[in-house]
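Written out below as structure tokens is the structure these notes cover.
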Amino acid sequence: MQGHPGSSYTPGLLQAVSRSVQKAAEEIFFSCNRFIIPAGPLFDPPDLFSARLVTMIKDISFAFDMRDECIQGLQCRDSVVSQIEFSKCNSKSKQRLLNNRDGALLKIIHDRRTKSIEDVWRRRINHQSYAKLERLQLDFDNCHCPIGCCRLTEFVCKCLSQKSFKHIPKVVEIMGWKDAGELVMITTCLRMAGIEAGSIKFIPPTVKQVNDEEDSS
């Protein structure tokens, strides 16, 4: 099939079908595939799937990841040069600096950027509550503030517990919890959201993940 004269463009044929065929194809594509959403502000499910399409998805996996910070939140990174050195500190050093009076400006930036990523995650949870899922997989491994000094698992759990699913997923798989306290917290919030305990599956970390965690501590 030839494209437009003078170009190598070949028009797609998916749209060149009736609406009924297009609708049937969409239902098969979105209901029969597993969607694994990468971390980052360019891959937020509410931006990838419309309210109509999200109801067709049966299997989705995504993370609450510190890299999910929206583009607007990233703009304040360059406002203070000291953040470059700050980013090289370990978690305990970052927390000490934020609590120090000299770190007041960094504390303001920290809170602003944390709110930015919390808004992204809150919107994501609200969006997914309308899906008719068979399986939902959530990864908490990098559930930190954008600076990396504190865990935000409690915030995510609070949002999950306050948002009832319109259609309860048959299975909810959890990855990346850090300790027994987070395991209990996540289980409790999912139960409050209407998910049965038997439907919650915690996936143990791999040997590599355990080794990486030990190396970073």
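Computed from a prediction, not measured in an experiment: that's the story for all the values here.
Linking Ile, Leu, Val, Met, Phe, Trp and Tyr whenever their side-chain heavy atoms come within less than 4.5 Å puts Leu136 and Phe35 in one cluster. A continuous path of hydrophobic side-chain contacts links Phe202 to Val172 [ILVMFWY only; heavy atoms under 4.5 Å]. When the side chains of ILVMFWY residues are joined at heavy-atom separations under 4.5 Å, either directly or via intervening members, Phe29 and Ile60 end up in a single hydrophobic cluster. Linking Ile, Leu, Val, Met, Phe, Trp and Tyr whenever their side-chain heavy atoms come within less than 4.5 Å leaves Val171 and Met192 in two separate clusters. With hydrophobic clusters built from ILVMFWY side chains whose heavy atoms lie under 4.5 angstrom apart, Phe62 does not share a cluster with Ile36.
A heavy-atom distance below 4.5 Å is found between the side chains of Lys178 and Asp141. Pro146 places a side-chain heavy atom less than 4.5 Å from the side chain of Thr114. Inter-residue side-chain proximity for Arg112 and Ile108 is flagged as met; some heavy-atom pair is nearer than 4.5 Å. For the pair Leu133 and Gln128, the minimum side-chain heavy-atom distance is below 4.5 Å. Annotation: side chain of Glu182 is not in contact with side chain of Cys143 (no heavy-atom distance under 4.5 Å).
Rounding to the nearest 0.5 Å gives a distance of 9.0 Å between NE2 of His144 and SG of Cys150. Within the model, atoms CZ of Arg34 and CD of Gln137 stand 7.0 Å from one another, a figure rounded to the nearest 0.5 Å. Put simply, CG on Asp65 and CG on Asp139 are 7.5 Å apart, with the number rounded to the nearest 0.5 Å. Going from atom CG of Asn126 over to atom CD of Gln162 covers 10.0 Å, rounded to the nearest 0.5 Å. The CD atom of Glu27 sits 9.0 Å away from atom NZ of Lys58, with the distance rounded to the nearest 0.5 Å. The distance from atom CD1 of Ile186 to atom OG of Ser161, rounded to the nearest 0.5 Å, is 12.0 Å.
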Using the rule given for side chain to side chain contact (heavy atoms under 4.5 Å, CB included), can you reason through Glu134 versus Asp59, listing the C-alpha separation, both sets of side-chain angles and the distance that settles it, and then say yes or no? CA-CA 6 Å; Glu134 299 284 335; Asp59 191 334; 5.8 Å; no
One pair to check against salt bridge (charged side-chain N to carboxylate O under 4.0 Å, His left out): Asp111 and Lys115. What are the steps and the verdict? CA-CA 6 Å; Asp111 293 347; Lys115 183 181 183 303; over 6 Å; no
Start with the C-alpha gap between Arg124 and Asp68, add the side-chain angles, then the distance that decides, and say whether side chain to side chain contact (heavy atoms under 4.5 Å, CB included) holds. CA-CA 11 Å; Arg124 181 177 302 176; Asp68 291 331; 3.3 Å; yes
Applying side chain to side chain contact (heavy atoms under 4.5 Å, CB included), run through Thr188 and Met185 and close with a yes or a no. CA-CA 5 Å; Thr188 302; Met185 186 191 306; 5.9 Å; no
Can you list the steps and then say if Ile117 with Arg113 is a side chain to side chain contact (heavy atoms under 4.5 Å, CB included)? CA-CA 6 Å; Ile117 201 168; Arg113 293 181 61 189; over 6 Å; no
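Screening Trp121, Trp177, Phe155 for a ring-ring contact (aromatic ring centres under 6.0 Å, His included) with Phe64, the sole residue that qualifies is Trp121.
Although no hydrogens or angles enter the test, the distance criterion places a donor-acceptor pair under 3.5 Å between the side chain of Ser199 and the main chain of Lys170. Judged by distance alone, the side chain of Arg67 and the main-chain N or O of Asn142 form no donor-acceptor pair under 3.5 Å. Not one N or O on the side chain of His167 forms a donor-acceptor pair closer than 3.5 Å with the backbone of Thr55.
Between Cys145 and His110, the closest heavy-atom pair is SG-NE2, 3.6 Å. When all heavy atoms of Ile200 and Thr187 are compared, the closest pair comes out as CD1-O, 4.1 Å. Contact detail for Cys189 and Cys157: the closest heavy-atom pair is CB-O, 3.3 Å. Among all heavy-atom pairs drawn from Gly176 and Arg151, the shortest one is O-NH2, 3.6 Å.
Residue Lys158 qualifies as open at atom NZ: its count of foreign heavy atoms under 6.0 Å is 12 or below. More than 12 heavy-atom neighbours from other residues, nucleotides or ligands sit within 6.0 angstrom of CE on Met56.
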